[in-house]
Amino acid sequence: MNMIFDRKLPIPMEAKEMYPLTMEMSQTIAKRRAELERIFSGEDDRIVLVIGPCSADNEDSVMDYVSRLIPVQEAVKDKIMIVPRIYTNKPRTTGKGYKGLVHQPDPTSKPNAFAGIIATRELHMRAVAETGFTCADEMLYPQNYKYLDDLLGYVAVGARSVENQEHRLVSSGIEIPVGMKNPTSGDLNVTLNSVVAAQSKHDFIYRGWACQSQGNPYAHVIMRGYTDEYGSARPNYHYEDILRVQEHYAEHPELANPAVIIDANHSNSRKNPFEQPRIVKEVLNYSTYNESLRGLIKGFMIESYIEDGNQPVDGGVYGKSITDACLGWQKSERLIYEIADML
C-alpha cells in the first residue's frame, strides 16, 4: 500500500474525556437543538440562517466573528434563528489547497491531524461556552463526526459527498438536522434519494462496529446551484426550481418535515459573495406569493466573514477567507436586519 501511517489518532471517547462538556454547555446545546427541530417541524415559523466563514481557518478571528452575531441574534430573535458556520473540514475540488482546521490548525504550517481534531473540538466548545450558539459544520469525513456529535447544532453534507453511501447512512443516525446538498449535477432525484436514505433506518458498519440507525426525520434538501455539462455554474434558487423540489417531495409522502435551505453562495452566486443579498431577497419576495413555499423554505446559508473577499493562505489579513470569497461583516450585519424586516 502506497501510504505512510503517521500516528494512531485518539478515538472520539478519548477526545471527549480530554475536553468534556460542562453541564451548562450541555443544557445550552439541548435547548438550541430543540429550537432548531421546532423550526424544521413547522412548530416555529422563524427562519434559520446558517452564516459564517467558508472555512474556520483561525480560532481568534472565527470567535471574533461569532461573538459579533450575539447582539444581532438578540435583535432578530423573534424572526430568525442564527446558526454560525464553523466549518472545520474543507472539501477541495481537485484535492489541493487548504483542507481545513482538522488538517491544519495553523494553515501556514504542516498538516497535523492529532492537533486538528483537538482544535476543532476546542473551537466548537468555545463557541457554545462563550456565545451560547450551537454551530454548523460540514460532515466531510463521516468517521470524524463522533468527535463533535455532542456539540453541533446543524450538519451539512456537501455536493460531492451526498451520493456517497456512508454519508447517507451516517446521516440517518444523527440526532440533529442534516442538510443534504444537491449534487454538482443538480439532479433532484439524487437529492431526494439522499433525504430518503437519511430519514430511513439502516444496518451498516461504522468505525469498526455493526450498528443500526433509526432514521433522521430532520434530514432535508439544500439547494446550492449546480454545474452544467459545459462546466458553467447554474443557479437553482428561483421560484420554478423550488416548485420542482416541492413536486419531488410530493412523490415521497413517506418523508417527514419537508424542508429546503437555500445556499446563496457556491454555484447559485457563481461564487460571487456579493450576490448573496440579492439572492436571499429574491427568495423572500417570491415566497410571499406562495404560502406553501414559505412553509417549505426554512432558511438560508450565507458565506460571511469579517472582511470582504478572500486571500492566499499567507495573505495575512485578519478575518479574510483563505478559501471561497465571503461577504464582509458590515454587509452581512445589514443583510440580517434587512431579512428580519422582510419577514
Any donor-acceptor pair under 3.5 Å from Ser213 side chain to His202 backbone: yes
Asn216 versus Ser171, side-chain donor and acceptor atoms under 3.5 Å: no
Donor-acceptor contact below 3.5 Å, side chain Asn193 vs main chain Asn189: yes
Separation between OG of Ser185 and CZ of Arg234, rounded to the nearest 0.5 Å: 14.5 Å
Same apolar cluster: Val50 and Ile242, side chain cutoff 4.5 Å: no
OG-CD1 distance between Ser55 and Ile322, expressed to the nearest 0.5 angstrom: 5.5 Å
More than 12 heavy atoms from other groups under 6.0 Å of CD on Glu291: no
Atom pair NZ (Lys181) and CE (Met301), whose distance is rounded to the nearest 0.5 Å: 5.5 Å
Whether over 12 other heavy atoms sit under 6.0 Å from Lys146 NZ: no
Glu175, CD: over 12 other non-hydrogen atoms inside 6.0 angstrom: no
Any side-chain heavy-atom pair of His238 and Glu282 under 4.5 Å: yes
Set of residues satisfying ring pair (Phe, Tyr, Trp, His ring centres under 6.0 Å) with respect to Tyr65, sequence neighbours excluded: Trp329
Heavy-atom neighbours of Gln330 CD exceed 12 at 6.0 Å: no
Val195 versus Met180, closest heavy-atom pair with distance: CG2-CG, 4.1 Å
Side-chain heavy-atom pair Cys135, Pro84 within 4.5 angstrom cut-off: yes
Ile82 backbone acceptor or donor facing Gln73 side chain under 3.5 Å: yes
Arg32 side chain vs Leu152 backbone, donor-acceptor pair below 3.5 Å: no
Criterion side-chain contact (heavy atoms from CB on, under 4.5 Å) on Arg121 and Asp150, from CA distance to verdict: CA-CA 10 Å; Arg121 185 163 177 83; Asp150 56 340; 2.9 Å; yes
Charged tip of Arg207 within 45° of Tyr147 ring normal and under 6.0 Å: yes
Nearest heavy atoms of His220 and Tyr249, plus distance in Å: CA-OH, 3.7 Å
Heavy-atom pair of closest approach, residues Ser61 and Asp57: OG-OD1, 4.1 Å
Connected via hydrophobic side-chain network under 4.5 Å: Val155 and Met223: yes
Donor-acceptor under 3.5 Å (Asn182 side chain, Gly225 main chain): yes
Val162 and Thr191: CA distance, side-chain angles, deciding distance, side-chain contact (heavy atoms from CB on, under 4.5 Å) verdict: CA-CA 8 Å; Val162 75; Thr191 310; over 6 Å; no
Side-chain heavy-atom pair His124, Val128 within 4.5 angstrom cut-off: no
Pair Ser41-Glu43, side-chain donor/acceptor within less than 3.5 Å: yes
Close side-chain approach of Ile302 to Leu49, heavy-atom, < 4.5 Å: yes
Salt-bridge contact Glu275-Arg278 (side-chain N to carboxylate O under 4.0 Å): yes
Candidate pair Glu35 and Lys31, rule salt bridge (charged side-chain N to carboxylate O under 4.0 Å, His left out), full reasoning: CA-CA 6 Å; Glu35 285 185 57; Lys31 178 178 179 293; 2.9 Å; yes
Gly299 versus Ile47, closest heavy-atom pair with distance: CA-CB, 4.2 Å
Distance in Å, Ile39 CD1 paired with Ile80 CD1, rounded so as to fall on 0.5 Å steps: 10.0 Å
Working for side-chain contact (heavy atoms from CB on, under 4.5 Å), residues Phe40 and Val48: CA-CA 9 Å; Phe40 278 98; Val48 178; 4.1 Å; yes
Point-to-point distance, once rounded to the nearest 0.5 Å, from NZ of Lys16 to CD1 of Ile11: 10.0 Å
Side-chain touch Asn310/Tyr305, heavy atoms, less than 4.5 angstrom: no
Asp324 (side chain) donor-acceptor with Lys271 (main chain) under 3.5 angstrom: no
Donor-acceptor under 3.5 Å (Thr131 side chain, Ala127 main chain): yes
Glu24 CD: over 12 foreign heavy atoms closer than 6.0 Å: no
Exercise: identify the closest heavy-atom pair between Ile306 and Tyr318: CD1-CE2, 3.8 Å
CG-CZ distance between Asp78 and Arg46, expressed to the nearest 0.5 angstrom: 8.0 Å
Which atom of Lys281 lies closest to which atom of Glu338, heavy atoms considered: NZ-OE1, 2.8 Å
Steps toward side-chain contact (heavy atoms from CB on, under 4.5 Å) verdict (Glu166, Tyr206): CA-CA 8 Å; Glu166 186 177 22; Tyr206 182 61; 4.2 Å; yes
